[in-house]
Amino acid sequence: MPELPDVEHFRRHLAETSLGRSIEDVTIRNAKVLALPGTRLRQALQGRRMTRTRRHGKQLLVELDDGRWLALRFGMTGRLLHFKDAADDPAYDRVRLDFADGSHLAFEDRRQLGRIAVIADADDFIRQQKLGPDALDSKLDAAAFTALFAANRATAKAALMDQTLVSGIGNIFSDEILFQAGIHPQAQVKALDRADLARLYRTTRKVLQIAVARGGGSEEGADKLPKGFLTPRREAGARCPHCRGRIETLKFSGRTAYLCPPCQTIGAPRSRSRRTKAAR
DNA sequence: TTCCATGTTCCGCA
DNA sequence: TTGCGGAACATGGA
C-alpha cells in the first residue's frame, strides 16, 4: 500500500496522536521488521517522547527528545495505527509503542517487509540510503526535475519508481502519473522532449498532491480519488475513465503496469499491441 | 492448489 | 556503468 501519499497520511496520523506522549514500553511481536536487536530498540525508546516528524519519499522519520530518530519504512503492507482500547490492537501488529497515558501506536505489517531503525541523523540517513529528492519537495522545481530525468536512460515507469532519482513514487502512482500525462510506461525517458518532461513534472506534482489531500489512495483510499483517475480501476474488466476503452496490463521491470494504450501514445513501443493484454 | 500482490535488495547478464 | 529480469523475503486473498 504505502507510497508517498500513504506515508504522508501515516505521518499526519502519528503527529496528531502520538507526539509528546511518554513511551513507557515497547512491545515486540515480531523482530523481523527490526533493523536492530529488540533490546536496543527498547533501550532507545523507553522513557522517550517523539517530538517531530519528517517524511522523505516513502520513509517516515520521527525525532526523539534525545535528538535521535526513528526511521520507519512500510514495505508493501505496513501501516500505523494509534488506539486506546486493547481490543483495537490490529491483527498484524509487529511492534507497538505503549504510552504512559495508556494509548498505543502499532506498526502493523502483514508481510513483514517493512523496517524499523534507530538512526543518529535524518539527513545522513537519507544520504546513506541514496534517496533522491522527495517528489513533493518545494525545491524540486520543473528545471530540477527535468535535469534529473534528462540524464536517465531507463523507461519512464522505471525512472519514476527509481527512489534514487526522485523519492516516493511506487508501482501504483507511477501508473497513475503516466496515464494522466499520456506517456506510455515503456517510453524511453531520453526520447521524451522538454514539453513531455515538463508535463510529467506537473502531472507528478498534481497527482501526488491530490492523493495527499484525499488521505492516501493506493489501496483503501483509491475510492477517494477523483473520477478521472486510473488507480480505482486496477481491476477486472476495467474501462478507461477518459476513452472508455479497456485498461490493459504489461509486465516489465518485475512489475505489472496498468495502462490505457490509446490514451498513452507518447513513446509507445511499436510492438506494444502484441505484448499487452486486457486487464483481468 | 496455484497464482498474484502496493516494496526493497541482491545476483547475474547484456 | 547502467539497466533489467528474476528471485527472495513472508503472508494472505482470490
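Treat the numbers as computed from the prediction; the structure is a model and nothing was measured. Chain letters run A, B, ... following the sequence lines, proteins first and then strands; every chain starts at 1.
- Side-chain atoms of A:Thr231 and A:Glu176 form a donor-acceptor pair, as typed in the model, at a separation below 3.5 Å.
- Within the 4.0 Å cut-off from OP1 or OP2 of B:dC4, not a single side-chain nitrogen or oxygen of A:Thr256 is found.
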Reading nucleotides 8-14 of chain B from the 5' end, what letters show protein touch, with B for base, S for backbone sugar-phosphate only, - for no heavy atom under 4.0 Å? BS-----
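- Counting only residues at least two apart or in different chains, ring pair (Phe, Tyr, Trp, His ring centres under 6.0 Å) contacts with residues 145-168 of chain A comprise A:Phe145-A:Phe149, A:Phe145-A:Tyr201.
- Comparing B:dT8 with C:dT1, their P atoms are spaced 24 Å from each other, to the whole Å.
- Non-hydrogen atoms lying under 4.0 Å from DNA chain C are contributed by A:Asn152, A:Arg153, A:Ala154, A:Thr155, A:Ala158, all within residues 145-158 of chain A.
- Electrostatic pairing of A:Arg21 and A:Asp101 counts as a salt bridge here, judged by a charged N lying under 4.0 Å from a carboxylate O.
- Between the CG atom of A:Leu4 and the P atom of B:dG7 there is a distance of 12 Å, rounded to whole Å.
- Listed by first and then second residue, the ring pair (Phe, Tyr, Trp, His ring centres under 6.0 Å) pairs involving residues 19-67 of chain A amount to none (not counting sequence neighbours).
- Rounding to whole angstrom units, CG of residue A:Asp175 and P of B:dA5 are separated by 12 Å.
- Counting to the nearest Å, the P atom of B:dC4 and the CZ atom of A:Arg234 are 15 Å from each other.
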Could you run down the sub-3.5 Å N/O contacts of the protein with nucleotides 11-14 of chain C?
| residue | atom | partner | partner atom | Å |
| --- | --- | --- | --- | --- |
| C:dT11 | OP1 | A:Gln112 | NE2 | 2.7 |
| C:dG12 | OP1 | A:Tyr92 | OH | 3.3 |
| C:dG12 | O4' | A:Arg110 | NH1 | 3.0 |

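- In this structure, the side chain of A:Thr17 engages the main chain of A:His13 through a donor-acceptor pair within 3.5 Å.
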How does DNA chain B look in dot-bracket form if you count Watson-Crick and G-U pairs under 3.5 Å, write [ ] for pairs that cross, and put | where a base pairs with another strand? .||||.||||||||
